[in-house]
Asks: 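I'd like to ask you about the structure that follows.
Just so we're on the same page: letters track the sequence lines, and every chain starts at 1. Heavy atoms only: backbone and side chains are in, while hydrogens, waters and symmetry mates are out.
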Amino acid sequence: MVKQVLKSFNILQFQEDLLQWYYANKRDLPWRKSQDPYRVWVSEIMLQQTKVDTVIPYYYRFMEKFPTVYDLAEADEQDVLKAWEGLGYYSRARNLQSAVREVVATYDGKVPDTPEELGELKGVGPYTKGAILSIAYNQPEPAVDGNVMRVFSRVLKIEDDIAQAKTRKLMEEYVREVISKEDPSSFNQAIMDLGATICTPKSPGCMLCPIAEHCKAYEEGIQEQLPVKKKAKKQKLMEYVVLLIKNDKEEYLIEKRPSNGLLADLWQFPMIPIAKVNQITDFVFQNYGVHLELMVSKGKLTHVFSHIKWDLEIRAAEAKMGTVTKESARFVKKYELKDYPFPVSHQKMMKYID
DNA sequence: AAATCGGGGCA
DNA sequence: TGCCCAGATTT
């Protein structure tokens, strides 16, 4: 099947046209200044489901704080999460540190250069494994991300649903056949640059495309119809009251979220499910050991995740007595809040604090 | 195979 | 609003 599609495809000419364009037009990105596998690795984790422009400032700060695998391996998890604060998908940060510790312990601090060893590391899936092998170690391995699937679906007119897992495997087969054996690092990065700047999801710039003459979708004028992707289902609504609880020492009650699930290990102000809205003081006393006097509502805000939508009402409260009984909760001064990693939704609430 | 896991930018 | 983004892991 793969060979059949590629029968009428000039692989060598495609490689040359793509690479010539890349050598002349490649983006100047901070993680392209060296082939240090650790630097490549960090960049690839940060770039998962995240735009280049968003990553750049995080990447600079992270590499300054954790320049080598040893610095990251020895760091406190909370410091790593603080460096990741606002970037999202926080399990990436925890998995990265866990994997780096594995590299220090098992591979003497040297990032592995085989698919088998790399694939065993936490947070390193098929894409990241291929990206490290090709970009840092110059091996002709596929690194199939959203860009690659979009470009290849158009160039070869592949109409499979790219939301399905088996389609990624199919794409890897194509890339193995088409990838440059002389410069696989540049080849993979060239496809990504092309996907990010020319072969974009909407209104692709085919008139500027260096490989338009190889593109079956362009030939038929169906580039806007590809790739095929099943629609995502809409977010589930979750409603909470969020309490900004201040005690007589001008401290605020915060708690650490569980180490599994949504926003794992990040901190937040206490959230009360809307179903308990009529028993807030009881709920807080039972769960936190704190007696409350509820104050005015400070306003509402919404926060949208990939699969959940939070509707939040912000409510002030004063702690009257009692000691905090919840293990994961504590009162902290306003100026100490900056030392804890908070999700963006709770950063938005800081402005309601006196 | 489908659900989970964040946040920002864009039309 | 819905869609996409240099995806991986869990169910």
Asks: Given B:dT4, is OP1 or OP2 found less than 4.0 Å from the side-chain N or O atoms of A:H307?
Replies: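 No.
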Asks: Select base, sugar-phosphate, or nothing to describe what A:Y89 touches, counting heavy atoms under 4.0 Å on all strands.
Replies: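 Base, at least one base heavy atom under 4.0 Å.
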Asks: What I want to find out is whether A:D161 reaches A:K230 closely enough, with some N-O distance under 4.0 Å, to be called a salt bridge.
Replies: no
Asks: Output the single nucleotide from C:dA8, C:dC4, B:dA3 whose closest atom is nearest the side chain of A:K233.
Replies: B:dA3
Asks: Using only atom types and a distance under 3.5 Å, with no angle test, would you say the side chain of A:Q15 pairs donor to acceptor with the backbone of A:V178?
Replies: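 Present.
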Asks: If you check every side-chain atom of A:V52, which of B:dC5, C:dG7, C:dA6 has the closest atom?
Replies: C:dA6
Asks: Got more than 12 heavy atoms from elsewhere within 6.0 Å of NZ, A:K236?
Replies: no
Asks: With a 4.0 Å cut-off on heavy atoms, is A:T50 in touch with a base, just the backbone sugar-phosphate, or nothing at all?
Replies: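 Since a base atom lies under 4.0 Å of A:T50, the category is base.
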Asks: When we call it a touch if two heavy atoms are under 4.0 Å apart, what does A:R94 touch: a base, just sugar-phosphate, or nothing?
Replies: nothing
Asks: With rounding to the nearest 0.5 Å, note down the distance linking CE in A:M271 to NE2 in A:H346.
Replies: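 That separation rounds to 4.5 Å.
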Asks: On DNA chain B, nearest-nucleotide positions of A:K166 versus A:A264: which is more 5'?
Replies: A:K166
Asks: Measuring only the P atom in each nucleotide, how far is C:dC3 from B:dA3? A whole number of Å is fine.
Replies: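 Straight-line distance between the two P atoms is 15 Å.
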Asks: Could you check which of C:dC5, B:dA3, C:dA8 has an atom nearest any side-chain atom of A:T128?
Replies: C:dA8
Asks: Quick one: label A:I135 by what it contacts on the DNA or RNA (base, sugar-phosphate, nothing), any heavy atom closer than 4.0 Å.
Replies: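 If one applies the 4.0 Å heavy-atom cut-off, A:I135 turns out to touch nothing in the nucleic acid.
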Asks: Toward the 5' end of DNA chain B, which comes first, A:K230 or A:S306, by nearest nucleotide?
Replies: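 Result: A:K230.
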